[in-house]
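Take a look at the structure below.
Remember, it's a predicted structure, so these values are computed and weren't measured experimentally. A note on names: the letters A, B, ... follow the listed sequences, proteins ahead of strands, and every chain is numbered from 1.
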Amino acid sequence: MNLLQVRDLETHFISRDIDNRVRIAHALNGITFDVEEGEILGIVGETGAGKSLTAQSVVGLLRPPARIVGGQVRFEGRDLLTMSEDDLNAIRGNDIAMVVQNPRTSLDPLSRIGDQLIRIRRAHSESSEAEARSRAVEMMTAVGIPDPELRLSAWPHELSGGMAQRVLIAMALMNEPKLLIADEPTTGLDVTVQAQILELLRDLVTRMNMGAIIITHDLGVVANFCDRMAVMFAGGIVETGTVGDVFENPAHPYTSNLVDATPERLKIGRKAVFGGAPPDLYNLPDGCHHRDRCRFAREECSTPPPLREVGLKHVARCHFAGELPETAQ
Amino acid sequence: MTFTRFFLRRMMMVIPLLVGIVFGTFMLIRVGGLDPVGLLAGPTATAEEFDIIRAELGLDQPLWAQFGIYIGNVLQGDLGESWLSTRPVLDDMLDRVPVTLELLLWGVGIGAIIGIPIGLKAAFKPDGTFDHVSRFFSLFGFSIPTYWLGLMMLFVFFYLLRWAPPGIGRIGLMVSQPPEVTGTYLMDSLIAGDWTAFRSALSHLILPVTCIAVIAAAPIIKHTRAIAIEVISSDAVRYAKASGLPTLTVRRMVLRNAATPVLTFVGTELTGLVGTTSLIEYVFAWGGLGQYGLNAIINGDFTAVQGYVLFLALFSIFVFLIIDFVVFLIEPRAELQ
Amino acid sequence: MTAEQTSPVLDVRGLVKHFPTGKRDQVVHAVNGVNFSIRPGETLGMVGESGSGKSTIGRTVLRLTEPTAGKIAFQGQEIAEMPMAACRPLRADMQMVFQDPWSALNPRMKVRDLIAEPLLLHTKMTRGERRDRTDELAGRVHLSTDFLTRYPSDLSGGQLQRVCIARAIATNPKLIILDEPTSSLDISVRAGILELLAEIKQQTEAAVLFISHDLGTVRLISDRIVVLYLGKIVEYADADAVFEDAAHPYTQSLMSAHLPANPKAEIRRHVLEGEVPSPIDMPSGCAFHTRCPVAIEDCRRTEPQLEAAGNNTHQAACLRILDGKNRID
Amino acid sequence: MPSETTSMALREVTAEPEFSLWQRIIGLTRRSPTAAVGLGIILFFGMLALMAQYLMPHEPELVYAERVLHPPSSEHLFGTDGNGMDIFSRVIYGARFGFGIAIPAVVLALVIGIPVGLWTGYRGGMVDEALMRFFDGLRVFPSIILALAVVAATGQSLINVVIVLGVLDSPVFARVVRSEVLALRSSVFVESAIAAGNPTWRILFIHLLPNAIQGAMAQTAVRAAWAVRISATLAFLGIGIQAPTPEWGAMIRQGAEFMISGQWWVALFPGVALILLVLGLNMFGDGMQEILNPRSRAEK
């Protein structure tokens, strides 16, 4: 069974404009994806596509004016969206753990690292202080922090960015989560440190048989560290499939552009034609949202495109998925 | 960083400030339009009498020499003599310090005890009814003139209801004063076990303290709310929520992270409200340092004004040092700042 | 190639930049003796992680920050110790494009005025001439003239970066410094900006210094590349040589940490231990010895100099090149 | 957590059209009812000040010797004071002092504070350091005591009160502008302006000033409230404006002695007027700051 099932998730930004009229930004419109045990799903997309919002919607941490208006998020069969705050708290940090992109500011500045690790452990299980402490040492070792016992008494402001990210991963692992959500876990870290952290994450996921979501804007991260990927555009997922399939045979015009826009492909003379800015989330066009910037757009695209299967577990939301002419080359 | 080094460094910063303040007050009074000689000599004085008085006050010497004399005297604890009370200014003020501190500490203390929880509650539910009411209360406190509030209180609680004594002094006219230990009637009567005096002192204290507390609570509410909201929306608290920590644990974390800035703010309030306290003393004829200072300014008693202003500066610096010290003790990042 | 014969536009010798830390006897060693030169029409790529001093070099060369020591010859004229006021007229000939286009433009000025500002400052053009030139520049960076009357907040990131580029080329400068011009942009926008930069490179004879941490992009644009580590040049070579035949162990590990957007790419990954040391306490000898897998005792003591590695246009600073044991795989 | 990215994108796609000043005022007050009410109160008192001659039923300093301390009646809506003057007329006339002191004092504070903040923030160095220490030094004194002492020492004319309040308040604006400039000085667009070859005066006035001034402007209403309050306090203490000038603080001073003998109206009405005007200014200022800095409303 799937660990996480997200179905038709819709999140809107509801605000009032200068004339007090209600304005709705369709930030997420019908997100559907699954995560299985032992696999890493990479969610890629550009700024404003809704990647982080998807993670925040899943764990119920939206800031107003963002609000979930529809859909389901099932974790081991239970719908997280209809759950009480207390029930949700029993799952967050326990079965579902988050790794965020700004580790240094995300730690409690007034508690020692060790106390924070222990606090998370004891918030979710009946373990004793001593047991939680030894678990903390174990996890600090697992994430490759030298002198873990010593580091337990360090303050967050004493850590470097890379070290803080490791601590955050250790915190995420304290309660043996079933699902790990990493939101841009390496943004702001150096290239060489990024590689260390991602290697570590992948290693841990395989070893502990967790499911994981890595949210990133870097196709390189997805290509090298994920099993499956979901491509987001304007608050929707336009394509999902195994990393190999999607890179090899992108079925959606947007995905195909993304892949062609990487320096590697540009180097060999590929050309990406994006055709303008993403649509205004306050005034999404009818039908396919990619229509206005798609070079293959036709009459049919004014109706909402179906999810078309183009391979085994490889789907794309496009009327012509898999039938696109290869004009790009 | 060790405490000694911390302390020495702070002192190094304080000394030039003190010298500057002494110089500033000196210049202000000497160069300003006040003519103490004229005041002392009276309208019928002759030119010779003027010169004699001038020489007595050391005003016939050049300015820098006057400053040298003044600073030398200040260092010896000689702040000159008030010509209103014809007593040494230092003695005048030392007598009155506990009297004013009593009012100030009670007022700001109660203001903080009321203000901090209100600010926190408002922050935990922004834009709720409680938030709006507390915000209006806070704005109101910012806008109400201290002395007018005092007058209204006297009218309602003394004239109309007869619950409070008239706003003159710190203890009933018919009540004998307790033997002096701390200099405040409330404490001294308690020490002496004199319940009549205690009740009288307390009843005299209530109205002025309430006024100060109301005025003090307003900015405390506003800042506590702002600080708490900032903490609540910080990455750290959001991450704590994402980790499924129980609501109570998260709240405790918010409180701890808000503690230092709130404390610092209450400390600065303590020095800022010296002005408010002075006005309250003036209205209630409290007879403390504040009233003394205001009277000195109004009547052009310039040695007393100099002493008073110097005292205020010392008090502020002392409070800031204490805040710094407390922050140093409770804040792990203090050495970074 | 003529570039080899002409005299360089920019020639930097022994450039040092130390920043005070606020504590006595402590400085940040941002740049520690760097030599390089760029000829007309040449693009030099400058690669390094954060703290490597690459941005500081760019800013020092333009005298946006004062060099601690060293010589900067711009078109044969020594500018390192020139008074600031004397530098100002030179700025017509040296321009810069910054990383973050959202903050690089005065939000209170209209786009037209922003592009025309260098013309206003450095030419005697009339208002009408500036207008015509601005329109022409907008055309060159493929920016619709409709945007000229707007404020920066109305433009997208890509459009803003086009404005920055138009501003930088307005006075036909002899030297253009590109400080991470694409790294804050989304993939779709990035491709367009890279194309534009390549186009402009074709059109001008200006010398270009391209600073980036993104290896893929650097390779795409540069003729030659310098690799920086802790404020020192560790390798200097033709662009392709750096990628295919890196001599310095640091460059090799940097290359292996780079994540190509291709799931099938064969990667031999050598994840470095630890993080970049603090530029406050510089390691002795070779700055890289603390993380270097092939370091020997001597690396601790002797500071290596740039020496030929392979052909004479390829230089690296590593003691182990001598005994041929500089390969980390 | 990372919602910057999303909000940035939203900002990007929702460029706001240009609005006229009037539309802006309407729009802003809709977003903050507090500011709207505050503005209403300010305008009300502004009208009182401007139209005082037409609104006052009596001359403000005319003595009705036979009507000393009359309680409110239909003839004297707010009663008469100890000199037999009509309090209602005096309260209306008093609005002129509120504005007449606050506006020039704040303008003076802006005129001094903004250039000082710009220059010290941009240049830094010794002058900046010394000036900031001086401002710190001033902060050890409660503002009312400082204003009182300076006015008492330098002369008690109305103009002098305005000058002293303006000068004493200028550090507030200098600080706000300075801290904005400090933040902007290292920002990329200023660096870009230097790289483009801008001379210093253009950096200061074309690039920094328009971006640094918003914070100072947001403070003006609150500082005006401060000026009104402090000037009334001075008058209450008998410094600066003297009775029987119909200034609210001076009127409260006149009424103080009658409070414990029951003639409440003498001090009550000028006090209410004073509170309302100060409250209006504070509400407007608070609302404006809230609109300019929406983070203060944040989330649960």
Side-chain angles (χ1 to χ4, degrees), chain B residues 16-17 20-21 24-25 28-29 31-34 124-127 135-136 139-140 142-148 151-152 154-155 158-160 166-167 226 229-230 232-233 235 238-239 242 271-276 278-279 282-283 293-294 297-298 300 302 305 308-309 312-313 315-317 320, chain D residues 1-2 34 38 133-134 136-156 160 222 225 229 232-233 236-239 248-249 252-253 255-256 259-262 264 267-268 270-272 274-283 286 295-300:
Chain B
L17 183 62
I21 286 162
T25 55
L28 174 71
I29 308 296
V31 181
L34 269 192
F124 279 119
K125 214 172 173 205
D127 275 337
R135 179 174 167 191
F136 185 76
L139 275 172
F140 196 71
F142 268 110
S143 309
I144 195 163
T146 317
Y147 47 90
W148 187 82
L151 291 174
M152 288 301 137
L154 275 178
F155 173 70
F158 167 68
Y159 179 80
L160 284 184
I229 282 185
E230 188 151 312
I232 290 169
S233 49
D235 286 344
R238 283 177 63 78
Y239 181 71
T271 67
L273 281 168
V274 169
T276 299
S278 301
L279 289 167
Y282 185 83
V283 169
L294 286 188
I297 293 172
I298 292 166
F302 84 88
V305 173
Y308 172 63
V309 169
L312 287 187
F315 175 70
S316 300
I317 290 170
F320 289 144
Chain D
M1 244 151 296
T34 317
R133 287 291 85 79
F134 176 65
D136 282 346
L138 285 185
R139 283 213 294 198
V140 286
F141 306 108
S143 54
I144 172 67
I145 303 290
L146 203 57
L148 199 55
V150 178
V151 170
T154 55
Q156 303 197 7
N160 200 44
V222 173
R229 255 182 62 185
T233 307
F236 171 76
L237 292 170
I239 299 276
W248 295 331
I252 298 173
R253 176 183 177 83
M259 239 29 218
I260 47 176
S261 56
W264 48 271
L268 177 80
V272 170
L274 179 58
I275 293 177
L276 274 178
L277 177 56
V278 174
L279 187 66
L281 287 164
N282 274 330
M283 286 174 81
D286 202 58
R295 225 155 67 86
S296 65
R297 333 190 43 150
E299 57 178 310
K300 282 181 203 149

(request) Could you give me the CA-CA distance, side-chain angles and deciding distance for B/Arg238 and B/Asp235, then say whether salt bridge (charged side-chain N to carboxylate O under 4.0 Å, His left out) is met? (result) CA-CA 5 Å; B/Arg238 283 177 63 78; B/Asp235 286 344; 5.6 Å; no
(message) Assess the residue pair B/Tyr147 and B/Ser278 against the criterion (side chain to side chain donor-acceptor pair (under 3.5 Å)); give the C-alpha distance rounded to whole Å, side-chain angles, the decisive distance to 0.1 Å, and a yes or no.
(response) CA-CA 10 Å; B/Tyr147 47 90; B/Ser278 301; over 6 Å; no
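None of B/Thr271, B/Leu312, B/Thr276 except one satisfies the side chain to side chain contact (heavy atoms under 4.5 Å, CB included) rule with D/Pro142; the exception is B/Leu312.
Using a 4.5 Å cut-off on side-chain heavy atoms (C-beta onward), D/Thr233 and D/Leu148 make no contact. You'll find the side chain of D/Leu279 reaches within 4.5 Å of the side chain of B/Leu139, heavy atoms only. Side-chain contact between D/Trp248 and D/Leu277 is present, with at least one heavy-atom pair separated by less than 4.5 Å. At least one side-chain heavy atom of D/Leu237 sits less than 4.5 Å from a side-chain heavy atom of B/Tyr282. Residues D/Val278 and B/Phe142 are not in side-chain contact: their nearest non-hydrogen atoms beyond the backbone lie 4.5 Å or more apart.
At a 4.5 Å heavy-atom cutoff, the contact between B/Phe140 and chain D is made by backbone and side-chain atoms alike. Looking at B/Phe136, the atoms closer than 4.5 Å to chain D (heavy atoms on both sides) all sit in the side chain, from C-beta outward. With a threshold of 4.5 angstrom between heavy atoms, D/Ile144 approaches chain B through side-chain atoms but not through N, CA, C or O. Interface residue B/Ala313: backbone and side-chain heavy atoms are both found under 4.5 Å from chain D. In this structure, the portion of B/Leu17 lying under 4.5 Å from any heavy atom of chain D is its side chain and not its backbone. Only the side chain of D/Ile239 comes within less than 4.5 Å of a heavy atom in chain B; its backbone stays farther off. Within the 4.5 angstrom heavy-atom criterion, only side-chain atoms of B/Leu279, from C-beta onward, approach chain D. Heavy atoms closer than 4.5 Å to chain D are found in both the backbone and the side chain of B/Val309. When heavy atoms are compared at a cutoff of 4.5 Å, D/Leu268 approaches chain B by way of both its backbone and its side chain. Contacts of D/Ser261 with chain B are made by backbone atoms alone, with heavy-atom separations under 4.5 Å and no side-chain atom involved. Both the backbone and the side chain of B/Leu151 come within contact range of chain D, each with at least one heavy atom under 4.5 Å from a heavy atom of that chain. Residue contact with chain D, scored on non-hydrogen atoms closer than 4.5 Å, involves the side chain of B/Tyr159 exclusively. No part of D/Ala225 comes within reach of chain B, as not one of its non-hydrogen atoms sits under 4.5 angstrom from that chain.
Between D/Ile145 and B/Gly275 the shortest heavy-atom distance is CG1-CA, 4.1 Å.
Expressed to the nearest 0.5 Å, how far CE of B/Met152 lies from CD1 of D/Ile252 amounts to 7.5 Å.
Your options are B/Ala226, B/Gly20, B/Pro145, and the one with the most heavy-atom pairs under 4.5 Å with chain D is B/Pro145. Contact count versus chain D (heavy atoms, under 4.5 Å) is highest, among B/Ile298, B/Leu160, B/Leu154, for B/Ile298.
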